[in-house]
Amino acid sequence: MAYEKSIAAFKEAYSVIPGGVDSPVRAFSGVEGTPPFIERGEGGYLFDIDGNRYIDFVQSWGPLIFGHCDADIQAAVIETAKKGLSFGAPTTLETELANEIVSLFESIDKVRFVSSGTEAVMSAIRLARGVTGRDAILKFTGCYHGHSDSLLVQAGSGLATFGTPSSPGVPEDLTKHTLLATYNDILSVQQCFEALPEGIACVIIEPIAGNMGLVPADEAFLEELRYLCTKHGALLIFDEVMSGFRASLKGAQGISTVKPDIVTLGKVIGAGMPVGAFGASASIMKHLSPEGPVYQAGTLSGNPVAMAAGLTSLRKLKSNPSLYVTLANKAKKLMQGFAHAAEVVGIPLVTDVRGSMFGFFFSGKQVKNFDDALANDSKMFAKFHKGMLDRGVYLACSSYETGFICTATTDEMIEESIKAAYEVMAEIKGA
Ligand SMILES: *Cc1c(COP(=O)(O)O)cnc(C)c1O
(Lines give C-alpha, C1' and ligand atoms only; values in the text may rest on other atoms or scores of the structure.)
Protein backbone atom coordinates (compact mmCIF):
# COMPACT_ATOMS: atom_id res chain seq x y z
CA MET A 1 0.00 0.00 0.00
CA ALA A 2 1.09 3.57 -0.62
CA TYR A 3 1.12 5.96 2.31
CA GLU A 4 2.78 9.03 0.71
CA LYS A 5 0.02 11.52 1.49
CA SER A 6 -0.30 10.30 5.08
CA ILE A 7 3.47 10.51 5.58
CA ALA A 8 3.42 14.12 4.32
CA ALA A 9 0.35 14.96 6.42
CA PHE A 10 1.98 13.49 9.52
CA LYS A 11 5.10 15.58 8.94
CA GLU A 12 3.03 18.73 8.55
CA ALA A 13 0.92 17.93 11.61
CA TYR A 14 4.13 17.33 13.56
CA SER A 15 5.21 20.93 13.03
CA VAL A 16 2.10 22.37 14.73
CA ILE A 17 0.74 19.59 16.98
CA PRO A 18 2.94 17.79 19.55
CA GLY A 19 3.83 14.44 18.05
CA GLY A 20 1.44 15.23 15.20
CA VAL A 21 -1.53 13.85 17.14
CA ASP A 22 -4.13 14.94 19.69
CA SER A 23 -3.94 11.69 21.66
CA PRO A 24 -0.60 9.88 22.02
CA VAL A 25 -1.69 6.36 21.05
CA ARG A 26 -2.56 7.57 17.54
CA ALA A 27 1.11 8.26 16.75
CA PHE A 28 2.01 4.60 16.02
CA SER A 29 4.94 4.86 18.46
CA GLY A 30 4.74 1.18 19.40
CA VAL A 31 4.48 -0.19 15.86
CA GLU A 32 6.15 0.28 12.49
CA GLY A 33 5.28 2.98 9.97
CA THR A 34 3.32 6.23 10.26
CA PRO A 35 -0.40 6.55 11.02
CA PRO A 36 -2.74 6.71 8.03
CA PHE A 37 -4.61 10.02 8.00
CA ILE A 38 -8.28 9.29 7.65
CA GLU A 39 -10.53 10.74 4.99
CA ARG A 40 -13.78 9.01 5.84
CA GLY A 41 -15.46 5.90 7.20
CA GLU A 42 -18.22 3.77 5.76
CA GLY A 43 -19.82 0.93 7.75
CA GLY A 44 -16.99 -1.41 8.75
CA TYR A 45 -14.45 0.31 6.50
CA LEU A 46 -12.04 3.19 6.93
CA PHE A 47 -10.52 5.13 4.01
CA ASP A 48 -7.28 7.12 4.27
CA ILE A 49 -6.16 10.16 2.28
CA ASP A 50 -4.03 7.97 -0.01
CA GLY A 51 -7.20 6.14 -1.02
CA ASN A 52 -6.39 2.94 0.92
CA ARG A 53 -9.32 1.00 2.32
CA TYR A 54 -9.12 -0.79 5.66
CA ILE A 55 -11.34 -3.17 7.60
CA ASP A 56 -11.69 -1.16 10.80
CA PHE A 57 -11.30 -3.06 14.09
CA VAL A 58 -10.56 0.11 16.10
CA GLN A 59 -13.84 1.94 15.56
CA SER A 60 -12.61 5.17 17.08
CA TRP A 61 -11.32 3.11 20.06
CA GLY A 62 -14.75 1.68 20.81
CA PRO A 63 -17.60 4.16 20.35
CA LEU A 64 -18.80 3.10 16.89
CA ILE A 65 -20.71 -0.11 17.63
CA PHE A 66 -22.87 0.53 14.54
CA GLY A 67 -19.83 1.34 12.42
CA HIS A 68 -19.22 4.53 10.47
CA CYS A 69 -22.02 6.74 9.16
CA ASP A 70 -24.92 4.74 10.58
CA ALA A 71 -27.94 6.27 8.83
CA ASP A 72 -30.18 6.54 11.93
CA ILE A 73 -27.49 8.13 14.11
CA GLN A 74 -26.47 10.52 11.36
CA ALA A 75 -30.09 11.57 10.78
CA ALA A 76 -30.63 12.21 14.51
CA VAL A 77 -27.43 14.27 14.72
CA ILE A 78 -28.31 16.36 11.65
CA GLU A 79 -31.90 16.98 12.76
CA THR A 80 -30.79 18.04 16.24
CA ALA A 81 -27.94 20.19 14.93
CA LYS A 82 -30.41 22.13 12.79
CA LYS A 83 -32.05 23.38 16.00
CA GLY A 84 -28.79 24.63 17.48
CA LEU A 85 -25.52 23.14 18.68
CA SER A 86 -25.60 24.01 22.36
CA PHE A 87 -27.77 25.97 24.78
CA GLY A 88 -26.15 25.63 28.19
CA ALA A 89 -29.67 25.02 29.44
CA PRO A 90 -31.58 21.80 30.08
CA THR A 91 -33.10 19.84 27.19
CA THR A 92 -35.46 16.85 27.35
CA LEU A 93 -32.90 14.82 25.38
CA GLU A 94 -30.78 14.57 28.54
CA THR A 95 -33.69 13.14 30.53
CA GLU A 96 -34.48 10.70 27.73
CA LEU A 97 -30.93 9.37 27.63
CA ALA A 98 -30.78 9.29 31.43
CA ASN A 99 -34.00 7.22 31.47
CA GLU A 100 -32.52 4.70 29.03
CA ILE A 101 -29.43 4.29 31.22
CA VAL A 102 -31.34 4.06 34.50
CA SER A 103 -33.61 1.39 33.00
CA LEU A 104 -30.57 -0.67 31.95
CA PHE A 105 -28.36 -0.50 35.05
CA GLU A 106 -29.64 -1.78 38.38
CA SER A 107 -26.82 0.12 40.09
CA ILE A 108 -27.91 3.49 38.65
CA ASP A 109 -30.87 5.61 39.87
CA LYS A 110 -29.45 8.90 38.65
CA VAL A 111 -26.83 9.77 36.09
CA ARG A 112 -24.92 12.89 35.14
CA PHE A 113 -23.52 13.54 31.66
CA VAL A 114 -20.07 14.96 30.94
CA SER A 115 -18.01 15.20 27.76
CA SER A 116 -15.38 12.45 28.09
CA GLY A 117 -14.50 9.28 29.93
CA THR A 118 -11.71 11.08 31.75
CA GLU A 119 -14.17 13.62 33.07
CA ALA A 120 -16.65 10.91 34.09
CA VAL A 121 -14.03 9.05 36.13
CA MET A 122 -12.52 12.19 37.63
CA SER A 123 -15.98 13.29 38.77
CA ALA A 124 -16.89 9.82 40.10
CA ILE A 125 -13.72 9.81 42.21
CA ARG A 126 -14.50 13.25 43.60
CA LEU A 127 -18.00 12.09 44.41
CA ALA A 128 -16.68 8.96 46.18
CA ARG A 129 -14.27 11.09 48.20
CA GLY A 130 -17.00 13.57 49.01
CA VAL A 131 -19.46 10.89 50.11
CA THR A 132 -16.99 8.99 52.30
CA GLY A 133 -14.96 11.94 53.55
CA ARG A 134 -11.79 9.94 52.71
CA ASP A 135 -8.89 10.88 50.44
CA ALA A 136 -7.28 7.59 49.40
CA ILE A 137 -8.36 5.66 46.33
CA LEU A 138 -7.30 2.26 45.05
CA LYS A 139 -6.70 1.36 41.42
CA PHE A 140 -5.21 -1.62 39.61
CA THR A 141 -1.97 -1.60 37.67
CA GLY A 142 -2.72 -1.80 33.95
CA CYS A 143 -6.23 -0.36 34.22
CA TYR A 144 -6.68 3.00 32.49
CA HIS A 145 -9.17 5.51 33.79
CA GLY A 146 -8.37 8.61 31.75
CA HIS A 147 -5.63 11.14 32.35
CA SER A 148 -6.72 12.99 35.50
CA ASP A 149 -3.93 13.61 38.04
CA SER A 150 -4.95 11.10 40.73
CA LEU A 151 -5.01 8.28 38.20
CA LEU A 152 -1.70 8.86 36.43
CA VAL A 153 0.19 6.68 38.87
CA GLN A 154 2.62 3.81 38.79
CA ALA A 155 3.92 1.52 41.49
CA GLY A 156 6.30 3.35 43.82
CA SER A 157 9.78 2.09 44.57
CA GLY A 158 9.22 1.96 48.32
CA LEU A 159 5.99 0.63 49.77
CA ALA A 160 4.63 -1.05 46.65
CA THR A 161 1.02 -0.22 47.36
CA PHE A 162 1.37 3.58 47.24
CA GLY A 163 1.52 5.18 43.82
CA THR A 164 4.01 7.66 42.40
CA PRO A 165 3.34 9.93 39.41
CA SER A 166 3.56 8.22 36.00
CA SER A 167 3.85 11.60 34.29
CA PRO A 168 5.76 14.79 35.03
CA GLY A 169 3.31 17.51 36.03
CA VAL A 170 1.44 15.28 38.46
CA PRO A 171 2.27 16.26 42.07
CA GLU A 172 3.41 13.47 44.36
CA ASP A 173 1.15 15.02 46.98
CA LEU A 174 -1.75 13.85 44.84
CA THR A 175 -0.60 10.38 43.83
CA LYS A 176 0.33 9.49 47.39
CA HIS A 177 -3.42 9.12 47.91
CA THR A 178 -3.67 6.50 45.16
CA LEU A 179 -2.93 2.93 46.13
CA LEU A 180 -2.08 0.30 43.54
CA ALA A 181 -3.10 -3.33 43.57
CA THR A 182 -2.68 -6.23 41.15
CA TYR A 183 -5.55 -7.15 38.84
CA ASN A 184 -7.20 -10.47 39.69
CA ASP A 185 -5.18 -10.69 42.93
CA ILE A 186 -7.39 -10.20 45.98
CA LEU A 187 -4.48 -10.50 48.44
CA SER A 188 -2.95 -7.35 46.98
CA VAL A 189 -6.26 -5.56 47.63
CA GLN A 190 -6.39 -6.90 51.17
CA GLN A 191 -2.89 -5.50 51.79
CA CYS A 192 -4.06 -2.04 50.71
CA PHE A 193 -7.03 -2.16 53.07
CA GLU A 194 -4.70 -3.30 55.86
CA ALA A 195 -2.39 -0.35 55.12
CA LEU A 196 -5.31 2.11 55.33
CA PRO A 197 -8.20 0.32 57.09
CA GLU A 198 -10.57 3.29 57.23
CA GLY A 199 -8.94 5.57 54.71
CA ILE A 200 -9.95 4.27 51.28
CA ALA A 201 -12.78 6.21 49.63
CA CYS A 202 -13.16 3.94 46.65
CA VAL A 203 -11.78 1.09 44.62
CA ILE A 204 -11.92 1.74 40.89
CA ILE A 205 -11.65 -1.09 38.39
CA GLU A 206 -12.29 -1.91 34.76
CA PRO A 207 -14.37 -5.06 35.44
CA ILE A 208 -13.35 -6.15 31.96
CA ALA A 209 -9.98 -4.49 31.46
CA GLY A 210 -9.49 -3.24 27.93
CA ASN A 211 -6.48 -1.00 28.31
CA MET A 212 -3.78 -3.63 28.93
CA GLY A 213 -5.13 -5.68 26.08
CA LEU A 214 -8.36 -7.48 26.85
CA VAL A 215 -8.10 -8.94 30.37
CA PRO A 216 -11.40 -9.81 32.08
CA ALA A 217 -11.59 -9.95 35.88
CA ASP A 218 -12.46 -13.34 37.39
CA GLU A 219 -15.97 -13.45 38.85
CA ALA A 220 -14.66 -14.71 42.22
CA PHE A 221 -12.20 -11.82 42.32
CA LEU A 222 -14.98 -9.28 41.71
CA GLU A 223 -17.10 -10.92 44.42
CA GLU A 224 -14.27 -10.69 46.93
CA LEU A 225 -13.60 -7.12 45.89
CA ARG A 226 -17.25 -6.26 46.52
CA TYR A 227 -17.03 -7.93 49.93
CA LEU A 228 -13.89 -6.04 50.95
CA CYS A 229 -15.26 -2.68 49.80
CA THR A 230 -18.48 -3.15 51.77
CA LYS A 231 -16.56 -4.38 54.82
CA HIS A 232 -14.25 -1.35 54.83
CA GLY A 233 -16.83 1.27 53.85
CA ALA A 234 -15.20 1.99 50.48
CA LEU A 235 -17.29 2.57 47.37
CA LEU A 236 -16.76 0.25 44.40
CA ILE A 237 -16.52 2.02 41.05
CA PHE A 238 -16.88 0.04 37.83
CA ASP A 239 -15.23 1.98 35.06
CA GLU A 240 -17.27 0.78 32.11
CA VAL A 241 -16.23 3.58 29.76
CA MET A 242 -15.06 0.88 27.36
CA SER A 243 -16.97 -2.26 28.40
CA GLY A 244 -20.33 -0.48 28.75
CA PHE A 245 -22.62 -1.40 25.82
CA ARG A 246 -19.67 -3.34 24.37
CA ALA A 247 -19.19 -6.50 26.46
CA SER A 248 -22.98 -6.77 26.62
CA LEU A 249 -25.83 -4.27 26.58
CA LYS A 250 -25.17 -3.74 30.31
CA GLY A 251 -21.43 -4.00 29.94
CA ALA A 252 -19.68 -6.17 32.53
CA GLN A 253 -22.80 -5.86 34.65
CA GLY A 254 -24.67 -7.95 32.10
CA ILE A 255 -22.12 -10.74 32.62
CA SER A 256 -21.12 -10.52 36.29
CA THR A 257 -23.56 -10.56 39.21
CA VAL A 258 -21.40 -8.14 41.22
CA LYS A 259 -22.93 -4.69 41.60
CA PRO A 260 -20.81 -1.57 41.92
CA ASP A 261 -21.73 1.60 43.84
CA ILE A 262 -20.79 3.98 41.05
CA VAL A 263 -20.56 3.34 37.31
CA THR A 264 -18.67 5.41 34.73
CA LEU A 265 -19.62 5.30 31.06
CA GLY A 266 -18.27 6.79 27.84
CA LYS A 267 -17.33 5.74 24.31
CA VAL A 268 -20.45 3.89 22.95
CA ILE A 269 -22.71 6.15 25.03
CA GLY A 270 -21.93 9.00 22.61
CA ALA A 271 -21.80 6.88 19.43
CA GLY A 272 -18.80 8.92 18.25
CA MET A 273 -19.78 12.25 19.80
CA PRO A 274 -18.02 13.39 22.99
CA VAL A 275 -20.09 12.01 25.89
CA GLY A 276 -19.23 10.50 29.24
CA ALA A 277 -21.46 9.78 32.22
CA PHE A 278 -21.35 8.65 35.81
CA GLY A 279 -24.24 7.23 37.77
CA ALA A 280 -25.09 5.65 41.11
CA SER A 281 -27.91 5.20 43.61
CA ALA A 282 -29.98 8.29 44.44
CA SER A 283 -28.45 8.32 47.93
CA ILE A 284 -24.94 8.66 46.49
CA MET A 285 -25.86 11.04 43.66
CA LYS A 286 -27.65 13.41 46.04
CA HIS A 287 -24.22 14.54 47.25
CA LEU A 288 -23.59 16.09 43.84
CA SER A 289 -24.01 19.81 43.19
CA PRO A 290 -26.59 21.41 43.09
CA GLU A 291 -28.44 18.80 45.24
CA GLY A 292 -25.41 18.42 47.47
CA PRO A 293 -22.00 19.96 48.17
CA VAL A 294 -19.72 17.94 45.81
CA TYR A 295 -18.97 20.30 42.93
CA GLN A 296 -18.99 19.24 39.29
CA ALA A 297 -19.98 21.17 36.16
CA GLY A 298 -19.54 21.50 32.39
CA THR A 299 -20.40 24.16 29.77
CA LEU A 300 -21.07 21.55 27.08
CA SER A 301 -22.24 18.73 29.38
CA GLY A 302 -25.36 17.00 28.03
CA ASN A 303 -24.78 18.64 24.65
CA PRO A 304 -27.98 18.12 22.61
CA VAL A 305 -26.31 16.85 19.44
CA ALA A 306 -24.22 14.37 21.43
CA MET A 307 -27.30 13.29 23.44
CA ALA A 308 -29.24 12.67 20.21
CA ALA A 309 -26.43 10.48 18.88
CA GLY A 310 -26.23 8.49 22.12
CA LEU A 311 -29.98 8.15 22.47
CA THR A 312 -30.44 6.83 18.94
CA SER A 313 -27.57 4.41 19.39
CA LEU A 314 -28.80 3.08 22.77
CA ARG A 315 -32.35 2.61 21.50
CA LYS A 316 -31.06 0.71 18.50
CA LEU A 317 -28.97 -1.51 20.79
CA LYS A 318 -31.92 -2.14 23.12
CA SER A 319 -34.30 -3.01 20.29
CA ASN A 320 -32.10 -5.85 19.07
CA PRO A 321 -31.47 -8.37 21.87
CA SER A 322 -29.58 -10.87 19.69
CA LEU A 323 -27.11 -8.24 18.49
CA TYR A 324 -24.43 -9.03 21.08
CA VAL A 325 -24.54 -12.75 20.29
CA THR A 326 -23.97 -11.97 16.62
CA LEU A 327 -21.11 -9.57 17.45
CA ALA A 328 -19.52 -12.09 19.84
CA ASN A 329 -19.75 -14.88 17.25
CA LYS A 330 -17.90 -12.71 14.75
CA ALA A 331 -15.28 -11.79 17.36
CA LYS A 332 -14.83 -15.47 18.24
CA LYS A 333 -14.49 -16.44 14.60
CA LEU A 334 -11.82 -13.78 14.11
CA MET A 335 -9.89 -14.85 17.20
CA GLN A 336 -10.13 -18.55 16.34
CA GLY A 337 -8.79 -17.66 12.90
CA PHE A 338 -5.85 -15.71 14.36
CA ALA A 339 -5.16 -18.49 16.87
CA HIS A 340 -5.16 -21.15 14.18
CA ALA A 341 -2.94 -19.08 11.91
CA ALA A 342 -0.46 -18.73 14.78
CA GLU A 343 -0.65 -22.42 15.66
CA VAL A 344 0.05 -23.49 12.08
CA VAL A 345 3.36 -21.59 12.03
CA GLY A 346 4.18 -22.23 15.70
CA ILE A 347 3.82 -18.72 17.13
CA PRO A 348 2.42 -18.59 20.70
CA LEU A 349 -0.83 -16.60 20.80
CA VAL A 350 -3.58 -16.34 23.42
CA THR A 351 -6.96 -14.77 22.60
CA ASP A 352 -10.08 -13.67 24.42
CA VAL A 353 -13.54 -12.33 23.56
CA ARG A 354 -16.18 -10.47 25.58
CA GLY A 355 -19.20 -9.52 23.47
CA SER A 356 -18.02 -7.20 20.71
CA MET A 357 -14.55 -6.85 22.30
CA PHE A 358 -11.62 -9.05 21.32
CA GLY A 359 -7.99 -9.24 22.35
CA PHE A 360 -4.88 -11.28 21.60
CA PHE A 361 -1.37 -11.45 23.00
CA PHE A 362 1.74 -12.92 21.43
CA SER A 363 2.33 -14.96 24.55
CA GLY A 364 2.16 -18.59 25.57
CA LYS A 365 0.46 -17.83 28.85
CA GLN A 366 -3.12 -16.72 29.63
CA VAL A 367 -2.97 -13.06 30.72
CA LYS A 368 -4.45 -12.32 34.16
CA ASN A 369 -2.77 -9.03 35.07
CA PHE A 370 -0.51 -6.27 33.80
CA ASP A 371 2.75 -8.16 34.43
CA ASP A 372 1.43 -11.06 32.35
CA ALA A 373 0.46 -8.58 29.62
CA LEU A 374 3.92 -7.00 29.65
CA ALA A 375 5.43 -10.43 29.04
CA ASN A 376 3.92 -10.48 25.53
CA ASP A 377 6.19 -10.24 22.47
CA SER A 378 5.47 -6.63 21.50
CA LYS A 379 8.10 -6.70 18.72
CA MET A 380 6.21 -9.51 17.08
CA PHE A 381 2.99 -7.55 17.54
CA ALA A 382 4.57 -4.56 15.77
CA LYS A 383 5.44 -6.76 12.77
CA PHE A 384 1.99 -8.31 12.78
CA HIS A 385 0.34 -4.90 12.93
CA LYS A 386 2.34 -3.60 9.96
CA GLY A 387 1.66 -6.71 7.90
CA MET A 388 -2.06 -6.51 8.58
CA LEU A 389 -2.20 -2.77 7.83
CA ASP A 390 -0.45 -3.36 4.49
CA ARG A 391 -3.15 -5.92 3.71
CA GLY A 392 -5.98 -3.51 4.55
CA VAL A 393 -6.73 -4.60 8.13
CA TYR A 394 -6.73 -1.75 10.63
CA LEU A 395 -5.92 -3.04 14.13
CA ALA A 396 -5.17 -0.93 17.21
CA CYS A 397 -1.54 0.18 17.01
CA SER A 398 -0.47 -1.29 20.37
CA SER A 399 -0.49 -4.75 21.90
CA TYR A 400 -2.17 -3.24 24.99
CA GLU A 401 -5.42 -2.26 23.29
CA THR A 402 -8.70 -4.04 22.64
CA GLY A 403 -10.20 -4.72 19.22
CA PHE A 404 -13.85 -4.16 18.33
CA ILE A 405 -16.48 -5.71 16.07
CA CYS A 406 -19.35 -3.51 14.87
CA THR A 407 -22.70 -4.41 13.34
CA ALA A 408 -21.26 -3.45 9.94
CA THR A 409 -18.39 -5.97 10.26
CA THR A 410 -19.40 -8.69 7.79
CA ASP A 411 -18.40 -12.36 7.70
CA GLU A 412 -16.46 -11.59 4.52
CA MET A 413 -14.45 -8.94 6.38
CA ILE A 414 -13.66 -11.47 9.11
CA GLU A 415 -12.60 -14.06 6.54
CA GLU A 416 -10.44 -11.56 4.68
CA SER A 417 -8.77 -10.56 7.95
CA ILE A 418 -8.09 -14.19 8.89
CA LYS A 419 -6.59 -14.82 5.46
CA ALA A 420 -4.32 -11.80 5.98
CA ALA A 421 -3.35 -13.12 9.42
CA TYR A 422 -2.23 -16.46 7.89
CA GLU A 423 -0.03 -14.61 5.40
CA VAL A 424 1.45 -12.26 7.98
CA MET A 425 2.15 -14.96 10.57
CA ALA A 426 3.89 -17.07 7.91
CA GLU A 427 5.91 -14.04 6.85
CA ILE A 428 6.93 -13.27 10.44
CA LYS A 429 7.92 -16.87 11.08
CA GLY A 430 9.85 -17.09 7.82
CA ALA A 431 11.74 -13.87 8.46
C1 LIG B 1 -11.17 5.38 27.17
C2 LIG B 1 -11.27 5.15 28.62
C3 LIG B 1 -11.28 6.21 29.55
C4 LIG B 1 -11.04 7.63 29.14
O5 LIG B 1 -12.03 8.11 28.29
P6 LIG B 1 -11.73 9.40 27.37
O7 LIG B 1 -13.03 9.66 26.69
O8 LIG B 1 -10.62 9.00 26.46
O9 LIG B 1 -11.34 10.49 28.28
C10 LIG B 1 -11.49 5.92 30.89
N11 LIG B 1 -11.67 4.66 31.29
C12 LIG B 1 -11.66 3.62 30.45
C13 LIG B 1 -11.89 2.24 30.97
C14 LIG B 1 -11.44 3.83 29.09
O15 LIG B 1 -11.40 2.78 28.25
Side-chain angles (χ1 to χ4, degrees), residues 21-27 57-65 105 112-128 137-153 166-167 170 178 183 202-217 222 236-248 250-253 255-256 260 262-279 296 298 300-303 306-307 309-310 313 354-359 369-370 373 396-404:
V21 292
D22 282 312
S23 196
V25 73
R26 297 177 196 168
F57 290 117
V58 179
Q59 297 164 17
S60 189
W61 304 94
L64 308 180
I65 197 161
F105 292 93
R112 175 153 291 170
F113 295 109
V114 292
S115 301
S116 70
T118 295
E119 218 185 328
V121 171
M122 181 187 84
S123 309
I125 298 248
R126 183 178 306 139
L127 179 61
I137 62 173
L138 189 157
K139 83 174 282 282
F140 293 90
T141 317
C143 284
Y144 178 69
H145 304 292
H147 66 95
S148 68
D149 285 346
S150 299
L151 292 158
L152 286 186
V153 296
S166 63
S167 162
V170 176
T178 306
Y183 203 75
C202 62
V203 173
I204 182 162
I205 186 167
E206 288 179 79
I208 296 171
N211 289 288
M212 50 174 148
L214 178 62
V215 185
L222 289 178
L236 179 59
I237 304 178
F238 275 6
D239 182 356
E240 298 229 51
V241 168
M242 186 189 289
S243 55
F245 319 106
R246 267 289 175 188
S248 81
K250 303 178 186 192
Q253 294 167 76
I255 297 169
S256 165
I262 304 178
V263 182
T264 55
L265 297 164
K267 298 196 169 109
V268 171
I269 205 180
M273 297 292 287
V275 184
F278 60 105
Q296 187 278 330
L300 296 178
S301 291
N303 174 272
M307 293 292 105
S313 177
R354 286 294 182 280
S356 64
M357 305 163 73
F358 68 82
N369 58 46
F370 192 47
C397 52
S398 155
S399 45
Y400 307 106
E401 298 290 346
T402 295
F404 300 102

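We're numbering straight along the sequence, starting at 1. Order of appearance sets the numbers: ligands from 1, and atoms from 1 within every ligand.
Regarding atom 6 (P) of ligand 1, its nearest protein heavy-atom neighbour is G117 N, 3.5 Å. Given atom 3 (C) of ligand 1, the protein heavy atom at minimum distance is V241 CG1, 3.7 Å.
Aromatic rings from F113 and F278 are positioned such that their centres are separated by 6.0 Å or more.
With contacts defined as side-chain heavy-atom distances shorter than 4.5 Å, the pair L138/T178 does not qualify. Between F404 and I65, the closest side-chain pair of non-hydrogen atoms is not below 4.5 Å. Counting only heavy atoms from C-beta outward, the side chains of C202 and I125 approach each other to under 4.5 Å.
For ligand 1, the polar-atom distance check against G146 finds no nitrogen or oxygen pair separated by under 3.5 Å. By the 3.5 Å distance cut-off applied to N or O atoms, D239 is counted among the residues near ligand 1. Among the atoms of E119, none of the N or O lies under 3.5 angstrom from an N or O of ligand 1. Considering backbone and side-chain N/O atoms, H145 never comes within less than 3.5 Å of an N/O atom of ligand 1.
Among T264, V25, T118, T402, the residue whose heavy atom lies nearest to atom 4 (C) of ligand 1 is T118.
Taken from CE in M212 to OH in Y400, the straight-line distance is 11.5 Å, to the nearest 0.5 Å.
By the criterion of a heavy-atom distance under 4.0 Å, the side chain of K267, and not its backbone, is placed next to ligand 1.
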